[in-house]
Amino acid sequence: MTAVRVETRRWIIEQPHDSVDGLKREIGIREAAAMLREGKLVAFPTETVYGLGADARSDEAVKKIFQAKGRPSDNPLIVHIGKREQLDELVSTLPDTGRVLIERFWPGPLTLILPHRGTVAPSVTAGLRTVGVRMPSHPVALALLQEAGVPVAAPSANRSGRPSPTEAEHVWEDLAGRIDGLLDGGPSGVGVESTVVDVTEEVPILLRPGGITLEALKKVVGEVRVDPGLQAEAQRPRSPGMKYRHYAPNGEMWLVTGTEADMMRTIQRLADDAAAQGRRVGILTTDERLMRYKADWVVSCGRRSEPESVARGLYAALRRFDELGAEYILAESFPVDGIWFTVMNRLRKAAEGRIIHAERSTSS
Ligand code: TXA
Ligand code: MG
């Protein structure tokens, strides 16, 4: 499917800005909001990643999102709202668990799956009876959504399969000439997508780990079930070639697990073997260990001592390997609690199920 070539407007919004109301007076926000109301495609920053927005009520507008991204149309989109009242136009019921999660986490990186009331375009929900809704906390996103006044369907603003964009420049690389506008509000803060929780059942179900941790959800609603897909994945690697290619760099990426010493030794050995075969090798690590590997490229995604920094830097690091032309990428693994759970989920997807369990050292 080839998208129509369009001219992409780009507005820079200086950050930090004093208030959402102040932002609404910015010409860039007003023009972008008008474009959304006209059924055009506008990319904008959120606190998680950049989103590619279109009027969620217009099937024609939403279909252009799938075209621009090259996204399979059976994957539903999240609807973004700028005011709490807009939720009532979208969903038929709001269970108590949903209510308390909204009170605690909105605006913020939490998407709730709720029964819809037929007001969003069928292409948003991929024919499901539910819709995912969130109110982002990024001031530029809030100003845009409030000024547009329409619910905005927005997946991450990357070409399908590529790492999600955490800077306007990433969006530009992927989508310039395929979308009508791009609001540049600087780097997004959290760096990984929103947490998706289905609240249509008595016990909420975590469908996608994200910026809000499982532990934080449980503190608010008590019990939370974790989608079996996520658990199975967490325990044993699925075979390569899962349903969708996701967040993946162009090179062949492997995630290496094990104790620190075993993992590092295994990564270096595999890097050396690949280099001996003439492959251009990248290693994904953190600031603390940058100097401890030898390869064509050793790239840091943040500081291991500060998990939030790794979430923030992960996608840019994955994109970096593409820029460098890495053919074979070895990634360190992380713990699985808190925000690490989200980081590991994305790393596994980026590696498309290619996981190596480092062998225990037999010598001491
Ligand atoms: O942080 C985010 O959520 C970003 C920013 C732009 O807001 N958006 C984002 O959208 O990540 P996207 O399209 O890349 O991911 C949407 C996720 C997918 O995993 C999709 O399957 C799920 O939400 N989803 C959407 N509607 C759903 C529904 N009705 N039922 C189950 N899952 C749904
Ligand atoms: Mg995405």
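Each ligand, and each atom within it, is numbered from 1 in the order the structure gives.
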Six-ring centre of Trp297, Arg320 cation under 6.0 angstrom, axis tolerance 45°: no

Arg9: side-chain hydrogen bond (donor to acceptor under 3.5 Å, both in side chains) partners, not counting sequence neighbours: Glu31

Protein contact to atom 7 (O) of ligand 1 [nearest heavy atom, distance to 0.1 Å]: His80 NE2, 2.6 Å

Nearest neighbour of atom 22 (C) of ligand 1 from the list Pro165, Ala126, Pro76, Pro155, on a heavy-atom basis: Pro76

Contact (N/O only, under 3.5 Å) between Ser194 and ligand 1: yes

Thr125 near ligand 1 by a heavy-atom separation under 4.0 Å: no

Residue Glu60 excluded, over 12 heavy atoms near CD under 6.0 Å: no

With Tyr315 via ring-ring contact (aromatic ring centres under 6.0 Å, His included) - residues at least two apart: Tyr247

Minimum-distance protein heavy atom relative to atom 19 (O) of ligand 1: Arg208 NH1, 4.2 Å

Neighbour count above 12 (heavy atom, 6.0 Å) for Glu359 CD: no

Crowding at CZ, Arg25 (>12 non-hydrogen neighbours, <6.0 Å): no

Numbered atoms of ligand 1 (with element) below 4.0 Å of Thr130, judged on heavy atoms: 28 (C), 29 (N), 30 (N)

Heavy-atom nearest neighbour in the protein, as seen from atom 16 (C) of ligand 1, with distance rounded to 0.1 Å: Ile78 CD1, 3.5 Å

Sub-4.0 Å heavy-atom approach of His116 to ligand 1: no

Proximity of Arg129 to ligand 1 by residue part, where a heavy atom lies under 4.0 Å: neither

Within 6.0 angstrom of Ile12 CD1, more than 12 heavy atoms from elsewhere: no

Any side-chain donor near an acceptor of the partner, Thr259 and Asp262, under 3.5 Å: yes

Under 3.5 Å side-chain donor-acceptor pair for Asp273 and Gln277: no

Whether Phe44 and His80 hold their rings parallel, tilted or perpendicular, with breakpoints at 30° and 60°: perpendicular

Identity and separation of the nearest protein heavy atom to atom 32 (N) of ligand 1: Ile113 CD1, 3.8 Å

Pair Arg346 + Glu193, salt bridge at N-O below 4.0 Å: yes

Test of proximity, Thr111 against ligand 1: N or O pairs below 3.5 Å: no

Thr46 N/O to ligand 1 N/O under 3.5 Å: no

Nitrogen or oxygen atoms of Glu193 and ligand 1 under 3.5 Å apart: no

Test item: Pro107 and His138 side chains (from C-beta on) under 4.5 Å apart, heavy atoms: no

Sequence neighbours excluded - salt bridge (Lys or Arg N to Asp or Glu O under 4.0 Å) pairs with any residue from residues 83-97: Arg84-Asp88, Asp96-Arg99

Ligand 1 N/O within reach of Lys69 N/O, cut-off under 3.5 Å: no

Distance-only side-chain donor-acceptor flag, Glu47 / Ser188, under 3.5 Å: no

Contacting atoms of ligand 1, where contact means under 4.0 angstrom from a heavy atom of Gly51: 6 (C)

Heavy-atom nearest option to atom 8 (N) of ligand 1, drawn from Gly211, Gly127, Ala154: Ala154

Contact with ligand 1 for Pro136, non-hydrogen, under 4.0 angstrom: no

Closer than 2.8 Å to the Mg ion (ligand 2) - protein N, O or S atoms, ordered by chain and residue number: Ser156 OG

Close side-chain approach of Leu114 and Pro95, heavy atoms under 4.5 Å: yes

Polar contact flag, side-chain donor to acceptor under 3.5 angstrom, Arg304-Thr285: no

Ligand-residue contact atoms, ligand 1 with Leu128, heavy atoms, under 4.0 Å: 28 (C), 29 (N), 30 (N)

Heavy atom of the protein closest to atom 14 (O) of ligand 1 (residue, atom name, distance): Ser156 OG, 3.3 Å

Protein residue, atom and distance nearest to atom 20 (C) of ligand 1, heavy-atom basis: Asn75 OD1, 3.4 Å

